[in-house]
Amino acid sequence: MSERVFNLPNAISLLRLAAVPIVAWLILQQRWEAACWLFLAAAVSDGIDGVLARWLDQMTQLGAALDTVADKALGVVTLVMLTQAGAIPLWVALAILLRDSIIVLGALSYRGLAGHLDIHPTWLGKTHMFAEFSLLALVLGGLAGLLAMDDWLLPLFAVVFVIAAASGVQYVWIWSAKARRERGAARLKPR
């Protein structure tokens, strides 16, 4: 990884992070259309910064961390604000937040056990992020009057709930197996 931290991909990640409080404020003000467009721009920037980082060979540890923090902040803040506004049911928000909490706590526990942490998102984890961000964009689009979502909301909520639950279980399964292997390897090391 290149160590030049001031680069275009990192600047895009910083802009996405800066958009989070503005999206929250727009939702609080019920300025749905502006919130929708800014959220969409921030969500799309997630793909753009990753492609640019690889294409320009400007991948950095700071960039990877910024990208993750910006994604989580955008998703969590928008989810919580829309749930508070009554646009997303609490059971959907809790499933997503519980999944994320389990992953973070599991990663911290694993790092404490193994002394290192090498995270590789799974296909189901990526599917969850796509489903979550799609849900948030579609709900904002519906609130803005850009989309007619009434008949689609309940099935959409159910699909995101199932994907969040399945993804959370998958991460617990994978990281539990890794932790067991690490413990087994530690027992076999000569002292």
On a heavy-atom basis, which atom in [X] and which in [Y] lie closest, and how many Å separate them?
X: V20; Y: A73; result: CG1-O, 3.8 Å
X: G142; Y: M149; result: CA-CG, 4.0 Å
X: R16; Y: A70; result: NE-CB, 3.6 Å
X: C36; Y: L146; result: SG-CD1, 4.1 Å
X: A137; Y: F39; result: N-CE2, 3.7 Å
X: Q58; Y: P9; result: OE1-CD, 3.1 Å

Test item: [X] and [Y] side chains (from C-beta on) under 4.5 Å apart, heavy atoms:
X: L94; Y: T83; answer: no
X: I88; Y: L136; answer: yes
X: T78; Y: L140; answer: yes
X: V23; Y: V77; answer: no
X: I12; Y: I48; answer: yes
X: L135; Y: F161; answer: no
X: D46; Y: M129; answer: no

If you group Ile, Leu, Val, Met, Phe, Trp and Tyr by side-chain heavy-atom gaps below 4.5 Å, do [X] and [Y] land in one group?
X: L138; Y: L74; answer: yes
X: W55; Y: V44; answer: yes
X: L38; Y: I27; answer: yes
X: L66; Y: L52; answer: no
X: V160; Y: L154; answer: yes

State whether the side chain of Y171 and the backbone N or O of D100 hold a donor-acceptor pair below 3.5 Å, judged by distance alone.
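Checked: no pair found.
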
Do S167 side-chain atoms and I163 backbone N/O form a donor-acceptor pair below 3.5 Å?
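Judged by distance alone, no pair lies under 3.5 Å.
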
If I take atom [atom1] from residue [X] and atom [atom2] from residue [Y], how far apart are they, to the nearest 0.5 angstrom?
X: I96; Y: S101; atom1: CD1; atom2: OG; value: 11.5 Å
X: Q170; Y: R99; atom1: CD; atom2: CZ; value: 9.0 Å
X: L79; Y: Q84; atom1: CG; atom2: CD; value: 12.0 Å
X: I22; Y: R31; atom1: CD1; atom2: CZ; value: 11.0 Å

Please tell me whether N10 and T60 have a donor and an acceptor in their side chains that are separated by less than 3.5 angstrom.
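Yes, T60 and N10 have a side-chain donor paired with an acceptor closer than 3.5 Å.
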
Residues, nucleotides or ligands: over 12 heavy atoms within 6.0 Å of W91 CH2
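For W91, atom CH2 is crowded (more than 12 foreign heavy atoms under 6.0 Å).
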
Any chance you could lay out the side-chain contact (heavy atoms from CB on, under 4.5 Å) test for L143 and L82, step after step, and finish with the verdict?
CA-CA 10 Å; L143 290 168; L82 288 174; 3.8 Å; yes

Run W32 and L26 through side-chain contact (heavy atoms from CB on, under 4.5 Å) and show every step you take.
CA-CA 7 Å; W32 304 118; L26 290 168; over 6 Å; no

